[in-house]
Amino acid sequence: MKRLIEKLCEVYGPCGDEAQVRELIRQELAGHVDEMRVDALGNLIAVKRATEPGEGEPRKVMVAAHMDEIGIMVTHVDEQGFLRFTNVGTVLANTLPGSQVVFPNGVRGTFGVEGKPFSNEKLELRKMFLDVGAASKEDAPVGVGDMAVFRCAFADLGKRLLGPNFDDRIGCAALVQAMKELQSTPNHVYAVFTVQEEVGLRGATTAAFGVHPDVALALDVTLTGDMPKSETMEVTLGQGPAIKVKDKRMLAHPGVRRWLVRTAEAQGIPYQLEVLDYGSTDAAAMQVSREGAPAGAISIPSRYIHTPTQMVDFDDVQQTVALLVSLLSGPVDLG
Ligand code: CO
Ligand code: ZN
């Protein structure tokens, strides 16, 4: 599975331009699902129909992981060939100096800051520029409207992994792996790889309308409270998948939360409860789609989210897959 994670981390896929990620996932899932389709916004919807009878009609279970990653977009090229840019998704200015970005044509660049060198002032995107090695405006190999993503090399540290975009390629990897391992199910399972999550859960909004699920789960990353002088937060790297209780935009459906907790306990899968003070996931959009759907989320703990180098624990990833497979192979029980 590490190879799958590495491949998913390498492909270019900022918000609104997720085609390469979609193509890779489509190849990975071929033969493992009954049907795949792409909706108008670009969400990949992979369906595995119920293989065994359950009680009554099979339930539609939608599991979403977002394909897009944060990045930057060129807004202006000056006479000397320096690029001004804006953020696509939440980009933290202080993480940019020293990091590398890559455009779809392979051009790489790094960031500079206006003013004196070696200053420790608080950074602002508007006072920064991107240097792709161009000597003049004419020489610039990219232009206005082009998007670049952050690219450090994927690294396998043994138990832990480093990558540029585990938010949410690690969720995509876990969902792909779960669909490969899922043998039989009483549910109609919709594995949905969404677009444009980082700019406001846009793909999940249309995908959930189209799928009209009976129950919805998001698979994403969450922050941890386990580093020196971290803000207090219960989630620790390596302690298992985090079952969402609340984040900035949603309260998980209590029945969904209980279903996840019960399943984890029955399978002996370690888990943690997540109360997140920042951000949200596709579950927030799925929950309020149409007339509403019971929704929850499984979060893979990650350090350094929304920075160019993120860290996850491989055991957490594997346990997330195990939890997902057990959930999907049994009946939905929101009691
Ligand atoms: Co994010
Ligand atoms: Zn995310």
Side-chain angles (χ1 to χ4, degrees), residues 5 8-9 11-18 21-22 25 41-44 62-73 86-96 99 101 147-152 161-176 191-205 207-208 216-224 233 235 237 241-244 246-250 252 274-287 295-312 316-317 320 324:
I5 296 169
L8 276 164
C9 284
V11 282
Y12 172 89
C15 311
D17 192 2
E18 300 89 349
V21 192
R22 186 166 57 235
I25 293 172
L41 228 58
N43 299 298
L44 174 64
M62 174 171 175
V63 188
H66 67 91
M67 296 188 287
D68 60 304
E69 62 189 310
I70 57 169
I72 56 104
M73 181 184 282
T86 189
N87 60 300
V88 182
T90 303
V91 170
L92 308 170
N94 285 301
T95 68
L96 298 192
S99 69
V101 291
M147 282 192 285
V149 295
F150 300 95
R151 277 299 174 271
C152 69
L161 310 174
L162 289 179
N165 48 12
F166 286 143
D167 180 7
D168 186 27
R169 300 297 164 78
I170 200 70
C172 292
L175 185 51
V176 167
V192 180
F193 299 88
T194 62
V195 296
Q196 300 190 35
E197 189 269 357
E198 295 288 359
V199 288
L201 321 180
R202 296 176 193 171
T205 303
L217 293 174
L219 209 54
D220 209 327
V221 292
T222 190
L223 299 171
T224 67
M233 185 178 174
V235 177
L237 214 61
I243 294 171
K244 188 171 311 275
K246 177 193 181 305
D247 61 31
K248 207 79 182 172
R249 277 181 67 174
M250 77 147 350
E274 175 202 358
V275 180
L276 179 66
D277 262 341
Y278 304 84
S280 197
T281 71
D282 281 340
M286 297 189 288
Q287 186 175 47
I298 304 172
S299 302
I300 298 172
S302 175
R303 291 178 183 162
Y304 324 120
I305 292 173
H306 283 229
T307 82
T309 305
Q310 304 165 18
M311 182 186 285
V312 295
D316 290 340
V317 180
T320 298
L324 206 51

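Along the sequence shown, residues are numbered consecutively beginning with 1. Since the structure is predicted, the reported quantities are computational estimates derived from the model, not experimental observations. Start at 1 and go down the list; that is how both ligands and their atoms are numbered.
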What pairs with A208 under side-chain contact (heavy atoms from CB on, under 4.5 Å), at least two apart in sequence or on another chain?
M62, M286, S289

Near the Zn ion (ligand 2), meaning under 2.8 Å, the protein N/O/S atoms are H66 NE2, D167 OD1, D220 OD1, D220 OD2

Mind checking what makes side-chain contact (heavy atoms from CB on, under 4.5 Å) contact with D277, not counting sequence neighbours?
none

Any donor-acceptor N/O pair, Q287 side chain to M250 backbone, under 3.5 Å:
no

Provide the protein N, O or S atoms situated under 2.8 Å from the Co ion (ligand 1); waters are not included.
D167 OD2, E198 OE1, E198 OE2, H306 NE2

Got a donor-acceptor contact below 3.5 angstrom from the N43 side chain to the V195 backbone?
yes

Any donor-acceptor N or O pair under 3.5 Å, side chains E18, H66
no

With a 3.5 Å distance limit and no angle check, can you tell me whether N165 reaches the backbone of D167 through a side-chain donor-acceptor pair?
no

Examine distances only and state if a side-chain atom of D316 and a backbone atom of I300 form a donor-acceptor pair shorter than 3.5 Å.
no

Examine distances only and state if a side-chain atom of Q196 and a backbone atom of R202 form a donor-acceptor pair shorter than 3.5 Å.
no

Answer whether the closest heavy-atom distance between the side chains of E69 and F150 falls below 4.5 Å.
no

